[in-house]
Amino acid sequence: FAFGGNNAALVFTQPDVGRQVARSARRSVVISGGSVSCARGTASGAAPVVALEESAAQGRELVGLDAGALVDPGALRRMDALSAGVCATLALALRDAKREPSADLGIAFGTGFGALDATAKFLQRLFEKGASWVNPIEFPNLVHNAPAGYASILFGAAGDNVATTQEEIAGDEAVAL
């Protein structure tokens, strides 16, 4: 029996049941492009991304990122703001790498808290109005790995896909993996 939740899994088995894990051969990973979008600004390429460190945060929103200008607005229609931002940031990273989307593309995504605003709105409606008033179509957007999943579908990325959620070190952990 297994249960998968908000990036958690409980797996139950008999105590005497052994488990063998097949190890795949390690592959080389090449980071060929990068971009960042955060409260300090949006940048792609090594030097501009490093320069963001010197700038001050301008609130909580993604600054300087127009997702509709970088990604087909029709594809963004069902995404929450965080997922749209991740897809637009990936588009910038691909542009920086001078690459087209492809199946060998892998995604490493780090988020401090996931879609916190969307989660708060969803829960507020649930608690104030009851379960029959929440939109079940919105729920998948609240899972922390949803943005990486949307991006992999949008860009046809069939390589490794990982999402980390560890507050202020989530981005570092995504790159380290």
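Numbers here simply count residues along the sequence, with the first being 1.
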Just wondering, do Thr42 and Val36 contact through their side chains at under 4.5 Å, heavy atoms? no
Point-to-point distance, once rounded to the nearest 0.5 Å, from CZ of Phe122 to CG of Asp80: 12.5 Å
same_hphob_cluster(Val134, Phe139) at 4.5 Å side-chain heavy-atom cutoff: yes
Please report the interatomic distance CZ(Arg78) to CD1(Ile137), rounded to the nearest 0.5 Å. 6.5 Å
Glu53 and Arg40 have their tightest heavy-atom pair at O-NH1, 2.7 Å
Between Asn141 and Met79, what is the shortest heavy-atom contact and its length? ND2-C, 4.4 Å
Shortest non-hydrogen pair, Ala108 vs Ala174, comes out as CB-O, 3.3 Å
Should Leu70 and Leu65 count as side-chain neighbours, where that means a heavy-atom distance under 4.5 Å? yes
Give me the atom names and distance for the closest heavy-atom approach of Ala148 to Ile107. O-CD1, 3.9 Å
What I'd like to find out is whether the side chain of Cys38 reaches to under 4.5 Å of the side chain of Val63, using heavy atoms alone. no
Looking at Leu94 and Pro101, what are the two nearest heavy atoms and their distance? CD1-CG, 4.0 Å
For the side chain of Asp96 and the backbone of Ser44, is there at least one donor-acceptor N/O pair under 3.5 Å apart? no
Side-chain heavy atoms of Glu173 within contact of Thr165, under 4.5 Å: no
Could you tell me the separation between the CG atom of Leu92 and the OG atom of Ser35, rounded to the nearest 0.5 Å? 5.0 Å
How long is the straight-line distance from CD of Glu128 back to CG of Leu123, given to the nearest 0.5 Å? 11.0 Å
Could you grab the distance from atom CG of Leu126 to atom CH2 of Trp133, nearest 0.5 Å is fine? 13.5 Å
Heavy-atom closest pair (Pro147 atom, Val143 atom, distance to 0.1 Å) is CD-O, 4.0 Å
If you count the non-hydrogen atoms of other residues, nucleotides and ligands that lie under 6.0 Å from CZ in Arg99, is the total more than 12? yes
How many angstroms lie between CG in Leu116 and CG in Leu82, if you round to the nearest 0.5 Å? 10.0 Å
Are Phe155 and Cys87 packed together at the side-chain level, in the sense that at least one heavy-atom pair is separated by less than 4.5 angstrom? yes
Would you call Phe109 and Val162 a side-chain contact if the rule is heavy atoms closer than 4.5 Å? no
Quick check: does any side chain N or O of Thr119 sit under 3.5 Å from a backbone N or O of Ala115, one acting as donor and the other as acceptor? yes
